[in-house]
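Shown next, in structure tokens, is the structure this report addresses.
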Amino acid sequence: MRFWLARGVDGYRCDVIGLLFESATGCNMIPETVDYIRQLRAVVDEFPERTIVAETDIGLGPVPYLGTGTDMFRMAFDFPYGYFWAVAFLGESSKIPFAALTTVTTQYPPGAQDAMLIGSHDVGRAFTHAQELAWRQQRAVEISMFSKATPFIYYGDELGVKDGTTFVVDSRDSARTPMPWDATANHGFSTSSTPWIPFAAGADLVNVQTEDTDAQSMLTFYRELLTFRRGHAVWGTGEMILIALDNPSMLAFVRKNSTEAFLVIESMSADAQDGSSQTSIGTIGALVWGGGDASISGGTLHVKLPPGGSAVFALEP
């Protein structure tokens, strides 16, 4: 680890780390593995501005990998959200993201950070999981970027790449198609040979070059979302307060720190939605992202969203 850290790598993603040591009675996060993780963290801490993130076991969840918040992993992948977010949209229910974010707010130790994703080399392409509905993927990635987390973007998801259909090793190859850079024959990925996994269907239109100048493309959306998030520390480390709305098709939470605060509202439904909650969050200011309405009357928050919509409002003290 020191060899590469000394050469400037930002850190490590530790694959299947919970099964590092073996035991006849069970192999998942046994004491020998936990002790070794603590050793890894100590080495990383010798170098400033470096990190380690754990690939977690879906059955255990991320919390066991975080330790005290300062002695094990800095971040752990949030698979309870990353694997199942699409189910929330299929059922038009915020139960899955609400439960995942509740774990973050109630069980994460100080100093630990959630690592959010909606696609990966194991779980498949986000656009396919979204039933090829752009608004679903966009709402899902907004949750990952507006909640208290460090978002991870799997290459190609920012374009809306679909799952492939050719399996060379196993079914996970559907999410491992090459990155389509342009509309040429091999889409800028290879100029001298054919990639060992074919491109996903639609690469003539779903590629960086084509989407770069399209104001309505998925790439443009991701760029705008990242620009909106950038420069605001509140999105990464600010406090997160979940709001229990009376509409299960909506998710709402507040992000705040000492300098700014925002109300985030996300819809799981293709239909217009409204909801309310008894809560005290301050005064609602300007709409700064998306579209919708929010107001507070008599201590009750009232929110409305258009079909498949989302909204972020600035909050005033």
Side-chain angles (χ1 to χ4, degrees), residues 1-85 96-123 141 143-154 229 233-242 253 255 257:
M1 291 181 74
R2 289 189 183 95
F3 178 89
W4 291 110
L5 289 166
R7 283 155 179 77
V9 299
D10 292 318
Y12 294 92
R13 173 197 185 275
C14 297
D15 195 76
V16 201
I17 187 67
L19 302 180
L20 184 62
F21 285 84
E22 299 178 356
S23 166
T25 57
C27 302
N28 210 345
M29 292 294 283
I30 61 177
E32 293 88 341
T33 295
V34 171
D35 179 67
Y36 193 76
I37 291 171
R38 292 193 176 110
Q39 294 179 53
L40 299 183
R41 174 61 182 269
V43 172
V44 172
D45 284 350
E46 295 173 9
F47 298 80
E49 303 296 324
R50 312 302 171 88
T51 194
I52 49 174
V53 56
E55 182 193 28
T56 61
D57 179 270
I58 186 64
L60 288 180
V63 174
Y65 297 81
L66 302 172
T68 66
T70 60
D71 66 337
M72 292 175 65
F73 280 95
R74 291 184 180 274
M75 291 185 285
F77 281 117
D78 194 335
F79 289 146
Y81 178 73
Y83 273 72
F84 301 114
W85 62 267
I96 288 172
F98 192 90
L101 299 186
T102 297
T103 297
V104 176
T105 58
T106 61
Q107 298 184 40
Y108 274 40
Q113 181 80 341
D114 203 26
M116 287 286 246
L117 74 165
I118 64 170
S120 80
H121 64 286
D122 285 330
V123 304
V141 75
I143 292 171
S144 76
M145 292 204 186
F146 293 151
S147 63
K148 189 176 182 180
T150 296
F152 284 69
I153 301 173
Y154 183 56
R229 189 181 187 275
V234 64
W235 297 122
T237 58
E239 182 182 0
M240 179 168 64
I241 303 169
L242 294 172
F253 52 87
R255 299 300 314 283
N257 61 14

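Computed from a predicted model, the values in this text were never measured in an experiment.
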Report task. Please answer whether the main-chain N or O of Gly236 pairs with a side-chain N or O of Gln113 as donor and acceptor at a distance below 3.5 Å. Result -> yes

Query raised in the report: Of all heavy-atom pairs between Ala76 and Tyr65, which one has the smallest distance, and what is that distance?
Result: CB-CB, 4.2 Å

**Report entry** Test item: Phe253 and Phe146 side chains (from C-beta on) under 4.5 Å apart, heavy atoms
**Finding:** yes

Query raised in the report: Thr70: what forms a side chain to side chain donor-acceptor pair (under 3.5 Å) with it, not counting sequence neighbours?
Result: Thr68

Report summary line: Which of Thr56, Ile37, Leu20, Asp57 passes side chain to side chain contact (heavy atoms under 4.5 Å, CB included) with Met29? It is Ile37

**Report entry** Inter-residue atom distance Phe152.CZ - Arg13.CZ, 0.5 Å rounding
**Finding:** 9.0 Å

Query raised in the report: Applying side-chain hydrogen bond (donor to acceptor under 3.5 Å, both in side chains), which residue pairs with at least one partner in residues 42-51 are found, sequence neighbours left out?
Result: Arg2-Glu46, Arg41-Asp45, Asp45-Arg74

Requested in this report: Measure the CG-CG distance between Asp122 and Asp15 for me, rounded to the nearest 0.5 Å.
Outcome: 7.5 Å

Query raised in the report: Can you check whether Ile58 reaches Pro80 side chain to side chain, under 4.5 Å on heavy atoms?
Result: yes

Report task. May I ask you to decide if Ala149's main-chain N or O and Ser147's side chain share a donor-acceptor pair within less than 3.5 Å? Result -> no

Query raised in the report: Counting N and O atoms only, with roles assigned by atom type, does the side chain of Arg255 sit under 3.5 Å from a partner on the main chain of Trp235, one being a donor and the other an acceptor?
Result: yes

**Report entry** Partner residues of Asp35 under the salt bridge (charged side-chain N to carboxylate O under 4.0 Å, His left out) criterion, sequence neighbours left out
**Finding:** none

**Report entry** From Ile17 atom CD1 to Asn28 atom CG, the distance as rounded to the nearest 0.5 Å
**Finding:** 11.0 Å

Query raised in the report: Are any non-hydrogen side-chain atoms of Thr237 and Asn257 less than 4.5 angstrom apart?
Result: no

Query raised in the report: So do Met72 and Val34 actually touch side chain to side chain, heavy atoms under 4.5 Å?
Result: yes

Requested in this report: To the nearest 0.5 angstrom, please state how far the CG atom of Leu117 sits from the CZ atom of Phe79.
Outcome: 6.0 Å

Query raised in the report: If we only count heavy atoms from C-beta on, is the Asp78 to Val104 side-chain gap below 4.5 Å?
Result: yes

Requested in this report: Please confirm whether the backbone N or O of Cys27 pairs with a side-chain atom of Glu22, one donor and one acceptor, at under 3.5 Å?
Outcome: no

Query raised in the report: Taking all non-hydrogen atoms of both residues, which atom of Phe77 and which atom of Pro62 are closest, and how far apart?
Result: O-CB, 3.9 Å

Report task. Rounded to the nearest 0.5 Å, what's the gap from OG1 on Thr105 to CG on Leu242? Could you check? Result -> 5.0 Å

Report summary line: Leu40 and Cys14 have their tightest heavy-atom pair at CD1-SG, 4.5 Å

Report task. Please tell me if the side chains of Leu5 and Tyr12 come closer than 4.5 Å, counting only heavy atoms from C-beta onward. Result -> yes

Report summary line: The single option from Ile96, Leu101, Thr102 that satisfies side chain to side chain contact (heavy atoms under 4.5 Å, CB included) with Phe98 is Thr102

Report summary line: Interatomic distance, CD@Glu55 vs CZ@Phe73, rounded to 0.5 Å, equals 10.0 Å

**Report entry** Shortest non-hydrogen contact from Ala100 toward Tyr81
**Finding:** CB-CB, 3.9 Å

Report task. State, to 0.1 Å, how close Ala115 and Val53 come at their nearest heavy-atom pair, and which atoms those are. Result -> CB-CG2, 4.0 Å

